[in-house]
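Since the structure comes first, as structure tokens, the remarks are kept for the end.
Side chains are part of it too, since the values below use all heavy atoms of this structure and drop only hydrogens, waters and symmetry mates.
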Amino acid sequence: MKNLHYFIVFSILLFSQQLEAQKFFKIANDVVDEATFKEGLALIAEEYDPQIVTYKTFERVTSKDSIIENISIVVLEEDEEEEVYRVFDFLGKPLPDFEFSDVTGSSISKQKFSGKYTVVGLYKDAAQVRKAHIKSLNALVNTGEYNAVALIAKNGNMAGIAKRADFPVLNECISWYIDNISIPESPKFLVLDETGNLKYIFQEFPQKEDVIQPLDPVHLKIYDILR
């Protein structure tokens, strides 16, 4: 898969009028109406034919009765499957329940995180958990306003990670991944609301130079703390 954050075609077709009640798409820093988006997507699809050009929504918000989708455009190679994107199917819906034991043997379930916005780190293995991730997620948790949890698919050495983390680190979650959202090759980070609904997806851990920023003020606040 090749992530395409923005294209010159959308700069040419940039929509700059005041929002009216309809659907809009945010690509990087540009906001375009639905007709312009479809026109640009068709041009991109023509350029990349026979590869599959599609898009994934990270966030849906309402502004002045209009729906705005914060998206990233992707190109699927011939040997790639849509199944790797199953996590996007839960946008605006409850993330599937989970219950695993942490390194102390304590049982941790999804219900533990209800009542606060929660960042869920999805990892393939323990080697993907960076010190920078732990530091930023600790800062998020230590505000007292948010929860965090890391779900690691494969068995690994958790002792060092758990010692530094101020949030639960759950290991051997592979069956949950396979049954629900598939195992990410690279980490993804989900934002759940107080009721456990999936509201936003970070394709990568937030970096200061990122141009794809959340639109919702709550998600933007989380984004700013993490980066």
Side-chain angles (χ1 to χ4, degrees), residues 56-63 67-72 82-124 128-129 133-134 136-154 158 161-162 165-184 186-206 212-227:
K56 296 299 172 183
T57 300
F58 298 96
E59 174 186 46
R60 290 185 182 93
V61 299
T62 301
S63 175
I67 296 174
I68 306 175
E69 294 200 8
N70 195 1
I71 69 166
S72 182
E82 280 285 342
E83 186 171 304
V84 302
Y85 292 106
R86 278 191 293 163
V87 67
F88 289 86
D89 295 339
F90 295 102
L91 191 70
K93 303 174 183 177
L95 188 72
D97 291 337
F98 57 82
E99 184 171 359
F100 299 101
S101 296
D102 63 14
V103 293
T104 69
S106 299
S107 180
I108 306 292
S109 69
K110 178 188 167 185
Q111 284 66 38
K112 174 183 173 64
F113 306 102
S114 62
K116 293 181 181 180
Y117 270 73
T118 299
V119 174
V120 181
L122 305 181
Y123 294 92
K124 181 177 181 179
Q128 294 180 329
V129 184
H133 298 177
I134 297 175
S136 295
L137 289 169
N138 282 349
L140 187 78
V141 171
N142 291 334
T143 64
E145 298 180 35
Y146 307 99
N147 292 316
V149 60
L151 301 181
I152 301 175
K154 298 181 178 180
M158 297 292 105
I161 297 173
D166 296 334
F167 53 90
V169 179
L170 307 181
N171 202 14
E172 299 186 73
C173 304
I174 191 166
S175 60
W176 179 83
Y177 276 95
I178 292 172
D179 291 343
N180 294 290
I181 61 176
S182 73
I183 302 170
S186 57
K188 284 185 172 62
F189 302 87
L190 315 181
V191 177
L192 310 185
D193 67 12
E194 302 97 330
T195 64
N197 288 350
L198 177 59
K199 304 301 290 185
Y200 191 82
I201 301 173
F202 292 107
Q203 279 283 71
E204 299 176 348
F205 202 80
I212 300 178
Q213 297 186 16
L215 293 168
D216 185 278
V218 175
H219 307 158
L220 183 59
K221 184 177 178 182
I222 292 171
Y223 168 89
D224 286 336
I225 293 172
L226 291 179
R227 69 186 186 133

Can you tell me how far apart [atom1] ([X]) and [atom2] ([Y]) are? Round to the nearest 0.5 Å.
X	Y	atom1	atom2	value
Leu122	Leu95	CG	CG	7.5 Å
Ile183	Lys154	CD1	NZ	6.0 Å
Phe90	Ile201	CZ	CD1	10.5 Å
Arg60	Leu215	CZ	CG	12.5 Å
Glu69	Thr57	CD	OG1	3.5 Å
Leu198	Thr118	CG	OG1	11.5 Å

Any non-hydrogen side-chain atom of [X] less than 4.5 Å from a side-chain atom of [Y]?
X	Y	answer
Glu145	Lys116	no
Glu194	Tyr117	yes
Trp176	Leu151	yes
Pro184	Tyr177	yes
Leu226	Phe202	yes
Phe113	Val149	yes
Val119	Tyr146	no
Ile152	Gln128	no

Requested in this report: Output, in order, the C-alpha distance, side-chain angles, deciding distance and verdict of side chain to side chain contact (heavy atoms under 4.5 Å, CB included) for Lys199 and Asp216.
Outcome: CA-CA 10 Å; Lys199 304 301 290 185; Asp216 185 278; over 6 Å; no
Report task. Please identify each residue that fulfils ring-ring contact (aromatic ring centres under 6.0 Å, His included) with Phe189, with sequence neighbours left out. Result -> Tyr123, His133, Phe205
What are the two closest non-hydrogen atoms of [X] and [Y], and how far apart are they?
X	Y	answer
Ile161	Ile134	CG2-CD1, 3.9 Å
Ile212	Tyr200	O-OH, 3.9 Å
Ile68	Ser63	CD1-CB, 3.9 Å
Ile181	Arg86	C-NH2, 3.8 Å
Ala148	Leu137	CB-CD2, 4.1 Å
Pro206	Arg227	O-CB, 3.8 Å

Query - Six-ring centre of Tyr85, Lys56 cation under 6.0 angstrom, axis tolerance 45° - result: yes
Show me, pair by pair, the donor-acceptor contacts under 3.5 angstrom made by side chains of residues 166-175, not counting sequence neighbours?
residue : atom : partner : partner atom : Å
Asp166  : OD2  : Asn142  : ND2          : 3.3
Asn171  : ND2  : Asn155  : OD1          : 3.0
Asn171  : ND2  : Gly156  : O            : 3.4

Query raised in the report: If you count the non-hydrogen atoms of other residues, nucleotides and ligands that lie under 6.0 Å from CD1 in Ile67, is the total more than 12?
Result: no
Query raised in the report: Under the 3.5 angstrom rule, does the side chain of Asn147 hit a backbone N or O of Ser114 as a donor-acceptor pair?
Result: no
